[in-house]
Asker: 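Below are the structure tokens for one structure; questions will follow.
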Amino acid sequence: MFPLQILREQPLIKFNQQLPMFNWHYPFNSEKDLNEDRLAPYLCPQKTTVRRRAVYIHIPFCETICNFCPFRHDLHRSDATIQRYLSALLDEIALKREFLGDVKVDAIFVGGGTPSLLSPQQIESLGETILRSFDLHGLQEFTFEVEVKSVSRDKLQAMHDIGVNRISFGAQTFSEKYRALFSLDATRSQITAAAEVLNSMFPYTNVDLLYGMAGQKLDELDDDVTAAMSLGTTTIDVYPINNLTAPRSMHSALTGAGLNALPEALRVQFRMHLERRFRELGYRPINGYGFSIAGDKCHDSADPVQHSPKFLYHDLVYGYEDDEIIGYGVSAISQMPGFNLYNFVSRQAYMSEVLTKRALPHQVFGPIAAPERGIVSFPFRGVLDKSRVAWERVPDETWFALEDALEAGLIADLEDRYVLTQVGWLFYVNLMYYFMPEVGKRRISNKIECERVSHACGDTDLTQLTRSSVTLLGGRRSF
Ligand SMILES: C[S@@+](CC[C@H](N)C(=O)[O-])C[C@H]1O[C@@H](n2cnc3c(N)ncnc32)[C@H](O)[C@@H]1O
Ligand code: SF4
């Protein structure tokens, strides 16, 4: 088991170690939970208890491949391939609708890969299908992920026309040294020009940055933060680079340049520095990764997160037991109350399942009860609404861990909710691990051990990343 302990006496460094893994979907499942009935989650009466729902759609193509990226992506080779994939995607939406009906959706996230590789016509047909297939009356957020090289005004107009109100793109770093090492080939002026157009067309925009890469210095991080702020997006997501899940090619490039991985303790210092720097420059956290300019709508000052602008999809992915994610596309993950569903990772298998067999392209695990889900992912959201947890079913280990974190000043009890304290924010990943029951901790510990020994160790639910997980580790989504 990863030997994580809270250090009560220490004022700031509250844990003996930093977990080297930065995000995951919870709850986990094992082979014994494999359910032969692919329809089980749709037929289960628990479906009626869903409080909030998000749709995730995965577009697995990229124009160029960044060597740090663990997400499910294929090099874009032909428009015909994308068109065929899109047909499968639209068919999957129709197929699932037969079982789901017109379900109410609060947030939609089209991620990848690079959804901006879709043509304007393809964006429109995806939009039409979405509009026909879900009840969108309560829709609050509709995000498209884009990559700056493939954005154009007509594509953005098509996104706008189908109701997209939030665009997210990756800058990752502005350092020419790291951009070359990561095979990032968009130019700085392409990034700036794209940000300008996006900000003028959409109410919410986000830029992704990475930090904590091998050999990074604090002043390099400061330069990246300053450059990201100058883009004027509504939020900035700053992901600790996930060395455990990053492909070997990234490690070879960095070690080839004489850059050594930062010790985990130093990465905590980077996180502290980031937090301080964003606050000094007038920003506040919106979740474990995201920051936005501090606004009037900062709500209750006791809340560690700002609730406007919000990243709702993130809050659902790292949500409560009754938050539902329905994933579409290759490798997409769905989390339905009591069930985890994994779409096939192989594009060929996914397409043949949908287009030829007209079958649901997933494996189902469950039923799995996880009343503690909202508590485990609370450090990622910053706030735990007590009324959303079935406390009588929460395992003792999670209760004890909450009490420990409270005594150590990592969380605060505000009657109707628990919130992370400022010190708690620094250790949000450790806290997620700390709140899990033994069986979950064992899972993460094995994964860390396994990745350390060999990068070839496969464990589907921790490595098949999509944003519907987010992306799991080290993030995207995380990281
Ligand atoms: C699916 S990707 C990006 C979407 C889009 N294709 C782009 O490149 O802008 C989402 C984000 O995950 C983050 N990410 C990718 N690989 C990562 C890693 N190894 N560790 C941490 N974050 C990572 C990056 O910041 C990236 O922008
Ligand atoms: S970061 Fe984005 S563009 Fe780069 S490989 Fe990953 S999904 Fe593709």
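Every number for a ligand or one of its atoms is a count from 1 in the order of the listing.
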Asker: Quick test: of every protein heavy atom, which one is nearest to atom 1 (S) of ligand 2, and how far off is it to 0.1 Å?
Answerer: Cys66 SG, 3.7 Å
Asker: Between Pro60, Gly113, Pro115, Gly111, flag the one that comes closest to atom 2 (Fe) of ligand 2 by a heavy atom.
Answerer: Gly113
Asker: Output yes when the distance from some N or O of ligand 1 to some N or O of Thr245 is under 3.5 Å, and no in every other case.
Answerer: no
Asker: Nearest heavy atom to atom 7 (C) of ligand 1 wins, so pick from Leu210, Val146, Asp208.
Answerer: Val146
Asker: Taking atom CD of Glu124 and atom NZ of Lys155, what is their separation to the nearest 0.5 Å?
Answerer: 12.5 Å
Asker: Suppose I only count heavy atoms of Thr114 and a 4.0 Å limit; which atoms of ligand 1 are within that range?
Answerer: 6 (N)
Asker: Does the N or O separation between Gln172 and ligand 1 drop below 3.5 Å for any pair?
Answerer: yes
Asker: Could you grab the distance from atom CZ of Phe144 to atom CZ of Phe109, nearest 0.5 Å is fine?
Answerer: 10.5 Å
Asker: Over 60° means perpendicular and under 30° means parallel, so classify the ring planes of His314 and Phe311, tilted if in between.
Answerer: tilted
Asker: So for ligand 1, is Gly113 a polar contact partner (N or O within less than 3.5 Å, distance only)?
Answerer: yes
Asker: With a 4.0 Å cut-off on N to O distance, would you call Asp323 and Arg52 a salt bridge?
Answerer: yes
Asker: Polar contacts were defined as any N/O atom of the residue lying under 3.5 Å from an N/O atom of the ligand; does this apply to Ile241 and ligand 1?
Answerer: no
Asker: Please list, in number order, the atoms of ligand 1 under 4.0 Å from a heavy atom of Cys69.
Answerer: 16 (N)
Asker: Against heavy atoms of Glu145, which atoms of ligand 1 measure under 4.0 Å?
Answerer: 1 (C), 3 (C), 4 (C), 10 (C)
Asker: Just let me know how Met250 lines up against ligand 1, side chain, backbone, both or neither, with a heavy-atom cut-off below 4.0 Å.
Answerer: neither
Asker: Enter the distance from Ile236:CD1 to Thr205:OG1 here, rounded to the nearest 0.5 Å.
Answerer: 9.5 Å
Asker: Grab the two heavy atoms, one from Arg267 and one from Ile241, that are nearest each other, plus how far apart they are.
Answerer: NH2-O, 2.5 Å
Asker: Any idea which atoms of ligand 1 are less than 4.0 Å away from a heavy-atom of Pro70?
Answerer: 16 (N), 17 (C), 19 (N)
Asker: Do Asp74 and Tyr85 meet the criterion of a side-chain donor-acceptor pair at a distance under 3.5 Å?
Answerer: no
Asker: Below 30° counts as parallel, above 60° as perpendicular, anything between as tilted: where do the rings of Phe15 and Tyr434 land?
Answerer: perpendicular
Asker: Any atoms of ligand 1 less than 4.0 Å from a non-hydrogen atom of Gly112? List them with their elements.
Answerer: 1 (C)
Asker: How far apart are the closest heavy atoms of Asn243 and His251, and which atoms are they?
Answerer: O-NE2, 3.0 Å
Asker: Under a 3.5 Å cutoff, is there a donor and acceptor pairing between the side chains of Tyr350 and Glu92?
Answerer: yes
Asker: Report, in ascending order of atom number, the atoms of ligand 1 lying under 4.0 Å from any heavy atom of Phe68.
Answerer: 15 (C), 16 (N), 17 (C), 18 (C), 19 (N)
Asker: Distance to the ring centre below 6.0 angstrom and angle to the axis at most 45 degrees; does that hold for Arg443 and Tyr26?
Answerer: no
Asker: Check each atom of ligand 2 against the heavy atoms of His73 and keep those under 4.0 Å away; list them by number with element.
Answerer: 5 (S), 6 (Fe)
Asker: With a 4.0 Å cut-off on heavy atoms, is Pro115 in contact with ligand 1?
Answerer: no
Asker: Which ligand 1 atoms, with their elements, are less than 4.0 angstrom from a heavy-atom of Asn242?
Answerer: 18 (C), 19 (N), 20 (N), 21 (C)
Asker: In the protein, what heavy atom is nearest to atom 6 (Fe) of ligand 2, and what distance, to one decimal place, separates them?
Answerer: Cys69 SG, 2.3 Å
Asker: Where does the angle between the aromatic ring planes of Phe68 and Phe182 fall among parallel (under 30°), tilted (30 to 60°) and perpendicular (over 60°)?
Answerer: perpendicular
Asker: What part of Cys62 sits under 4.0 Å from ligand 2 if we count only heavy atoms: the side chain, the backbone, both or neither?
Answerer: side chain
Asker: Of the backbone atoms (N, CA, C, O) and the side-chain heavy atoms from C-beta on, which set of Tyr239 has a member under 4.0 Å from an atom of ligand 1: side chain, backbone, both, or neither?
Answerer: side chain
Asker: Could you tell me whether Ser168 approaches ligand 1 through its side chain, its backbone, both or neither, with non-hydrogen atoms closer than 4.0 Å?
Answerer: neither
Asker: Is it true that atom CZ of Arg84 has more than 12 heavy atoms of other residues, nucleotides or ligands lying nearer than 6.0 Å?
Answerer: no
